[in-house]
Every structure is written in C-alpha cells, then in structure tokens.
Amino acid sequence: MADQKALTTRAQDFSAWYNEVIMRAELADYSPVRGCMVIRPNGYAIWEQMQRALDDMFKELGVQNAYFPLLIPQSFFSKEAQHIDGFAPELAIVTHGGGKELEEPLVIRPTSETIIYSMYAKWIQSYRDLPMLMNQWCNVLRWEMRTRLFLRTAEFLWQEGHTAHVDEADAERFALEILKVYRRFAEEWMAMPVLTGRKTDSERFAGALRTYCIEGLMQDNKALQAGTTHNLGQNFAKAFQVTFQSDQGTLEYVWNTSWGVSTRLVGALVMTHGDDAGIITPPRLAQYQCVIVPIYKSDAERVTVLEAAERILRELRQGGVRTHLDKRDGLKPGAKYYEWEGRGVPLRLEVGPRDVAAGQVMLARRTGGAKSPLPTAGLARALQTEMDVMQAALLEAARVRREQHSIRGITKASFLEFLEGDGGFAYGGWCGDAACEATIKEETKATIRCLPDEEFRSPEAPRSCMWCDRPAVTEAVWARAY
RNA sequence: CGGGGCGUAGCGCAGUCCGGUAGCGCGCCUGCUUUGGGAGCAGGAGGUCCCGGGUUCGAAUCCCGGCGCCCCGACCA
C-alpha cells in the first residue's frame, strides 16, 4: 500500500474521502488523458461481477449480446433531431485516418442508437422478426466538462440494450421489465435501495418518448441516477427507416427501447456502503469474499499454520466461497488487516497456532462487531450464512439511511429548510410545468429525480405544487444530484 | 468556460519570499531480528525541480510565455 495514513473522513470532506477510498483500494487511477481513468484490477473485478449478474438477467429475458463498431458516421447523428441536440456538445470526432482527411468525419460513439437501428433496418422485415432484443457491453465516449472517478469519466464502460417491438405496448412493457431487472440488481446484488420512476421531459433521454430510472441516495444525501431505460417510441425507427410488414400486411415502423447501466455503479457502491476505513463490498459482488490471514512466529508455527490455512482455503473454494490466502511474509498481520479492510473484503479469517490447535478460526466482519471463533468443520456453510446476513444487513442499513433522509408532503418552506440541512429525497406535489421545474433547479440546485412509481408514492396524493401552489398533476421527488 | 489550488524521487511534501552542494517522511531493494491490529535496526537504489525563453559567474528559486492536473460552480450516465 502506498499510503498508510488514515483516510479523510466522510464527515470532513465527502468528495476527498471518495477519491482517497478509490486510490486506497486501488480501484482506479488517473490516466494521462484528461477525464479518462484507468480501471485497476480491483475495480475491474467488481465490474466483472456486475457484468456477470446483469448479463444472466438479460439473457433470461431473451436478450442476446452483439457488438457494434466504435465509429459512427457523423451524418447518422443528425437524423434524429432531439438526439443530435442532446449529444452534439459532447461528441469526439475522428477527422483523419491513415494520414488522410476522411471524406466523412466519424463520431466515437457516445451511445449506439443510430448505428444499431441503421442495422436493424436491414435485419427486420416481418413482424415475425420481432421483438429483436440485443445488448452490447462496450465503451463509450462523452466529452464531459468535469469528471469524477467512476461517476463521470469521458470514456466509460457500460451495457446498452436495444430492442425493437411490434407496438407501443410491447415496447413499454419491455422497457419496464428492464427497469425491474435494474432494481433487482441494485437491491439484491449491490445492496443499494433505489427509487423507480419516470423522468420529467427535461431529464428525458435525447430522442426518447419516456425515460424511466432507478435513483439511489448516497451517504452525502445526494441522489445518483444509477440506470435508465427508455421507450424510444418510433423516433429512431422513422429516422432510420426500421419498418416491418404486420400480420395484416401493412408496413409499420417498429417501436424501440434502449437501456443502460455503467461503471458509474462502482462509484455508487463506494458511496453507498463505504466507511471511514475504505470500501465495503457486498458479498455477492466481492472479488474475494473472504481473505485468510495466517499468524505465526517460529518457522515451525509457520509450517503448521500455512498447512492448515491451505486446507481451509481449498475447502472454502470447494464450498463456493471466493477466498484468498494472504501468504505474504514480512508483513505483520495488522498491516494485512488494514489493507484488506481498505479493499472492502467482507470476511476475514485469522488462523494462528492457537486456532489450529483448537480446530477453529477467528472471524472478523468488514461491517464491524467483535471477532468470533468458528469451528473449522462446516466453515464454508457458516460463511455462506454470514454473507447472506451481511448482504441483507447492508441493504437494510442503506434503506434506513435513505428513509431517515427523506421527507414527504413538502411545502416550499419545508423544502428549502430540508435542503439547508442534510438534504435527501424530498417528496411533494408538482404542477407539471417545466418552467416551474427550471426555476426550482436554478434557485435550489435540486432537480426532480423522478416521478415515483406507485409503490414509492405517499399515501395521500399531494393536491398542490409544493413550489407554486397551483394544482398538482403528480407527486415528484426532488434532490440535489450527481 | 468562470473561481480556487498545485506541478521538486514511486507517493505525500519542505525548500521559492531573500539565487550559491536538491532535502524530509512513507514506499522500494539487501541483510539480520520480528509477526494475535499499520515492525525495528543497518546498509542501499532512485531527480530533465512541468516545458520553452530570458536575466546572472551561477536559477527549483527572479522575469516573460506556454502546458498539465486536481478541487468548487454552470452542462451530463
């Protein structure tokens, strides 16, 4: 470890803490190129776990993976008016290749709707070809003005799903199906509770009919958009002539959806569960769920202890626990404890001569509490239980924290007071006027994170807009956001 | 793009005001002793002082001009 000093605490400076945690855990590093980051093995391992889980869920819905090119003809972007308006400012464009100026500049994809639907136009002829359900795992590039490790980098990794359907109802159904997947992933894998809902028109994806999202609340009480899914309507189908012949023999435009989550989720994980010692990785996403630290003095002890540790390692791996044995010599056990805590490993087993003699190990949990002895026999099963408990506890703790920092039935006055304090999710009535929404954003820096789904709405529907007192058309959730 | 900060060893920094042998802590290498919550001692390696010009016998330091990065805001996954 490069740095032995204590981290800046979350209370002192959340932003400094966040950066230090990432460096300490060796999740990522700054690259020579502004706004770009290197994802180091510890960070990439988390992303791989995320990919695996999400990919399985997509495939259960019948989605297939494919790969589309990095470079997109510039003209493709002007085919859908809102889309070009939304993305033009942040495009990176390749103008030269092989030492010659290109006839048509090529855009490095910021997202792939245009190229994918241009291909769908070739592949879809009949309603029998629908739905067409594809996803790709790739990198994209957006020339962001200000960047932050994982949360907003110029280049980032993500998955983008793109589907085509026979009618609006099927597209809508599928977009919402994906929203459920995202929510399930956030809660069951990341242990991160999220609100689900619809974005207002001003926050909608450029080119979409409707955008739905999952929103998490970080420990500094700022909201983070963690995933979006869009019903694109027929906007792209019309721009790229994606048509099919219906069972009635008529020629129709398809209805599209697109949806994505990115490496931003790694940042979300840090900000949801990290503490002043570093990150806490939920067991289901941890690269190593358990690390074994051997303890010995003499050479004789070393042999005995390592032999026992190796045996435990084998048994745990066989029992499905992702385990690492830290055999490094010359590092005191305490130094290893600090290192693995910083890296967020959920469980740590200490194995010393006394433990070997007693047929036990000492278990320490990343989430705290006293160390406790566990018999070596049946250890894998015991640790699985420990991890289930920890996974559930992390989700519950995050949920409690979010609810403690949520306020309902706000008025303009109570809303302002709430923002003056710690902030968080503020539920209240909204008139539906984009001008009112913009004023609120300008004056408070808070935005409507979503128009929450039924499940998250307040028992009593608000009757008036919390800001302007005109009749409310819906309930909205405001927060300051990343 | 506005505001702030910073560029000196792998990392964190002092030295810059007031020009004169390039330093400290951590890390790294070797050896010995250590190892149940961040080990100790000894020896050692490691530098275009961000870049370019200028002033000077002499520049990390003074002058001029660039570049880069980080943080805070406006825009966004």
Side-chain angles (χ1 to χ4, degrees), chain A residues 1-8 13-20 23-24 26 29-37 85-91 110-111 139-160 182 199 202-206 211 213-216 223-230 258-268 277 293-299 301-302 305-306 326-342 348-356 361-362 364 371 373 441-442 445 447 480-482:
Chain A
M1 306 282 316
D3 181 18
Q4 279 205 344
K5 296 283 162 280
L7 297 166
T8 300
D13 183 344
F14 192 81
S15 177
W17 167 84
Y18 176 79
N19 286 325
E20 288 173 24
M23 299 302 271
R24 168 74 59 98
E26 298 180 352
D29 204 349
Y30 296 100
S31 85
V33 180
R34 187 200 73 89
C36 295
M37 70 171 176
D85 286 352
F87 281 101
E90 49 190 50
L91 296 182
T111 178
N139 58 343
V140 288
L141 188 73
R142 299 178 186 179
W143 212 264
E144 299 290 352
M145 290 190 240
R146 213 185 126 213
T147 58
R148 267 157 87 51
L149 293 173
F150 287 110
L151 298 180
R152 183 172 301 102
T153 46
E155 181 187 5
F156 57 94
L157 304 183
W158 77 344
Q159 57 72 213
E160 48 178 326
Y182 284 164
K199 286 291 188 188
S202 72
E203 301 269 333
R204 197 180 55 198
F205 177 76
T211 290
C213 64
I214 55 172
E215 290 278 331
L224 184 76
Q225 179 173 305
T228 48
T229 166
H230 319 288
S258 71
W259 28 279
V261 297
S262 72
T263 37
R264 167 179 268 196
L265 292 180
V266 178
V293 177
I295 299 163
Y296 46 78
K297 288 190 175 73
S298 64
D299 275 352
E301 280 180 355
R302 181 168 183 275
V305 165
L306 281 181
D326 188 348
K327 282 197 283 193
R328 288 174 300 175
D329 208 359
L331 265 189
K332 292 185 77 170
K336 294 181 181 178
Y337 301 165
Y338 279 99
E339 181 173 329
W340 291 111
E341 278 165 9
R348 183 180 74 234
L349 298 181
E350 304 170 11
V351 182
R354 295 201 294 270
D355 301 307
V356 177
V361 297
M362 290 300 290
K371 297 179 191 179
K441 181 177 178 180
E442 194 170 322
K445 297 189 180 95
T447 50
R480 292 193 178 126
Y482 274 97

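First the proteins, then the strands, lettered A, B, ... as listed; each starts at 1. Note that the structure is predicted; figures quoted are calculated from it, not measured.
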Test side-chain hydrogen bond (donor to acceptor under 3.5 Å, both in side chains) applied to Q225(A) - qualifying residues, sequence neighbours left out: K199(A)
Using side-chain hydrogen bond (donor to acceptor under 3.5 Å, both in side chains) as the criterion, list what pairs up with K327(A), not counting sequence neighbours.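 Once residues adjacent in sequence are excluded, the partners of K327(A) under the side-chain hydrogen bond (donor to acceptor under 3.5 Å, both in side chains) criterion are E310(A).
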Taking salt bridge (charged side-chain N to carboxylate O under 4.0 Å, His left out) as the test, write out the residues that go with [X], two or more places apart.
X	result
E341(A)	R348(A)
R302(A)	D329(A)
D299(A)	none

Go through [options] for me and flag the one nearest to the [X] side chain.
X	options	result
K445(A)	A74(B), A77(B), U35(B)	A74(B)
Y296(A)	A77(B), U35(B), G37(B)	U35(B)
K371(A)	U35(B), A77(B), G37(B)	G37(B)
P333(A)	G73(B), C71(B), U35(B)	U35(B)
T153(A)	G37(B), U35(B), A77(B)	A77(B)

Please give the distance between the P atoms of C17(B) and G10(B) as a whole number of Å. 25 Å
Output a table of nitrogen or oxygen pairs between the protein and nucleotides 67-70 of chain B separated by less than 3.5 Å.
{"from": "C69(B)", "atom 1": "OP1", "to": "R34(A)", "atom 2": "N", "distance (Å)": "3.3"}

Classify R328(A) by what it touches in the nucleic acid, base, sugar-phosphate, or nothing, heavy-atom distance under 4.0 Å. nothing
Would you tell me if any nitrogen or oxygen in the side chain of K297(A) comes within less than 4.0 Å of OP1 or OP2 on U34(B)? no
